[in-house]
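The analysis underlying the following values was restricted to heavy atoms, covering all of them including side chains, and did not include hydrogens, waters or symmetry mates.
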Amino acid sequence: MPKITILPHESICPEGAEFEAEPGVSVLNAALRQKVRIEHACEKSCACTTCHVILREGFDSLEDPSENEEDYLDKAWGLEPESRLSCQAIVADEDLVVEIPKYTINMVSENH
């Protein structure tokens, strides 16, 4: 099974995390199962940018983003060429190294 490494994030995951994930699951769902609380204000429907992540390794193993995801990514804080919405990034067969950006654009603060 592929391994996902979450790099340390000041408030979401201060120590970082490392875990295995089933191929076919989203990066967001895999992280949430491991108690890594990535924001997801639109409930994983590709309608916001709160679950924006940067794939530091393994980006090319993911399927290309949809046009809808690309439109939302254009609005994300700290956009980089390896940015994805974690609700749409589906784990394939390669290990991933994920960075959660320092900030997110969230017009509504929700407690998940």
Side-chain angles (χ1 to χ4, degrees):
M1 257 194 292
K3 178 178 67 174
I4 296 179
T5 302
I6 306 286
L7 298 176
H9 181 280
E10 186 177 303
S11 59
I12 295 172
C13 191
E15 303 297 318
E18 189 173 284
F19 49 87
E20 291 185 340
E22 288 277 333
V25 69
S26 71
V27 170
L28 177 59
N29 283 338
L32 293 173
R33 287 182 189 148
Q34 298 297 317
K35 308 290 189 243
V36 178
R37 301 288 177 210
I38 297 173
E39 273 194 79
H40 52 287
C42 73
E43 296 300 325
K44 309 174 200 172
S45 66
C46 194
C48 73
T49 64
T50 58
C51 72
H52 168 230
V53 295
I54 302 161
L55 279 291
R56 294 297 179 200
E57 292 180 22
F59 177 83
D60 290 333
S61 71
L62 304 175
E63 289 187 20
D64 290 337
S66 68
E67 189 174 324
N68 189 40
E69 181 183 356
E70 286 180 336
D71 288 345
Y72 277 103
L73 281 170
D74 285 342
K75 302 170 188 169
W77 183 91
L79 183 67
E80 294 193 18
E82 296 80 22
S83 288
R84 290 295 302 267
L85 298 181
S86 62
C87 69
Q88 301 299 302
I90 305 301
V91 177
D93 56 357
E94 287 185 30
D95 294 347
L96 303 173
V97 175
V98 178
E99 180 180 347
I100 302 168
K102 185 173 183 175
Y103 300 107
T104 185
I105 299 170
N106 188 354
M107 301 308 220
V108 179
S109 182
E110 298 179 3
N111 188 8
H112 294 281

Decide side-chain contact (heavy atoms from CB on, under 4.5 Å) for Met1 and Asp95; before the verdict, give the C-alpha distance in whole Å, the side-chain angles of both, and the deciding distance to 0.1 Å. CA-CA 8 Å; Met1 257 194 292; Asp95 294 347; over 6 Å; no
Could you walk me through whether Leu85 and Leu73 pass the side-chain contact (heavy atoms from CB on, under 4.5 Å) check? CA-CA 7 Å; Leu85 298 181; Leu73 281 170; 3.8 Å; yes
Residue pair Ser11, His9: steps toward the side-chain contact (heavy atoms from CB on, under 4.5 Å) verdict: CA-CA 6 Å; Ser11 59; His9 181 280; 3.4 Å; yes
Would Val98 and Ile4 count as a side-chain contact (heavy atoms from CB on, under 4.5 Å) here? Give the steps. CA-CA 7 Å; Val98 178; Ile4 296 179; 4.0 Å; yes
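Remark: Glu18 engages Lys3 in a salt bridge (Lys or Arg N to Asp or Glu O under 4.0 Å) (not counting sequence neighbours). Arg56 meets the side-chain hydrogen bond (donor to acceptor under 3.5 Å, both in side chains) test with Glu80, Glu99; sequence neighbours excluded.
Contact between Ala21 and Val25 at its shortest, heavy atoms only, is CB-CG1, 4.2 Å. Scanning all heavy atoms of the two residues, the minimum distance from Leu96 to Gly58 falls at CD2-O, 3.5 Å. Contact detail for Ala47 and Cys42: the closest heavy-atom pair is N-SG, 3.3 Å. Between Ile54 and Gly78, the shortest heavy-atom contact is CD1-O, 4.1 Å. In terms of heavy-atom proximity, Cys46 sits nearest to Cys87 at N-SG, 3.9 Å. Taking each heavy atom of Ile38 and Ile12 in turn, the nearest pair found is N-CG2, 4.3 Å.
With rounding to the nearest 0.5 angstrom, the CD atom of Glu57 is 7.5 Å from the OG1 atom of Thr5. A distance of 9.5 Å separates CD1 of Ile6 from CD of Gln34, quoted to the nearest 0.5 Å. Distance OG1/Thr50 to CD/Glu43: 9.0 Å, rounded to 0.5 Å.
Hydrophobic clustering (side-chain heavy atoms under 4.5 Å, transitive across Ile, Leu, Val, Met, Phe, Trp, Tyr) keeps Ile90 apart from Leu28. If you chain together hydrophobic residues whose side chains sit under 4.5 Å apart, Leu55 and Val97 never meet in one group.
With hydrogens and angles disregarded, a donor-acceptor distance shorter than 3.5 Å links the side chain of Ser86 to the backbone of Cys51.
Contact of the Leu7 side chain with the Ile100 side chain is not registered, since no non-hydrogen atoms from C-beta on lie closer than 4.5 Å. Lys44 places a side-chain heavy atom less than 4.5 Å from the side chain of Leu32.
A donor-acceptor pair shorter than 3.5 Å can be found between the side chains of His52 and Ser83.
Applying the side-chain hydrogen bond (donor to acceptor under 3.5 Å, both in side chains) test to pairs two or more places apart or on separate chains, those with a residue in residues 60-73 are Glu69-Arg84.
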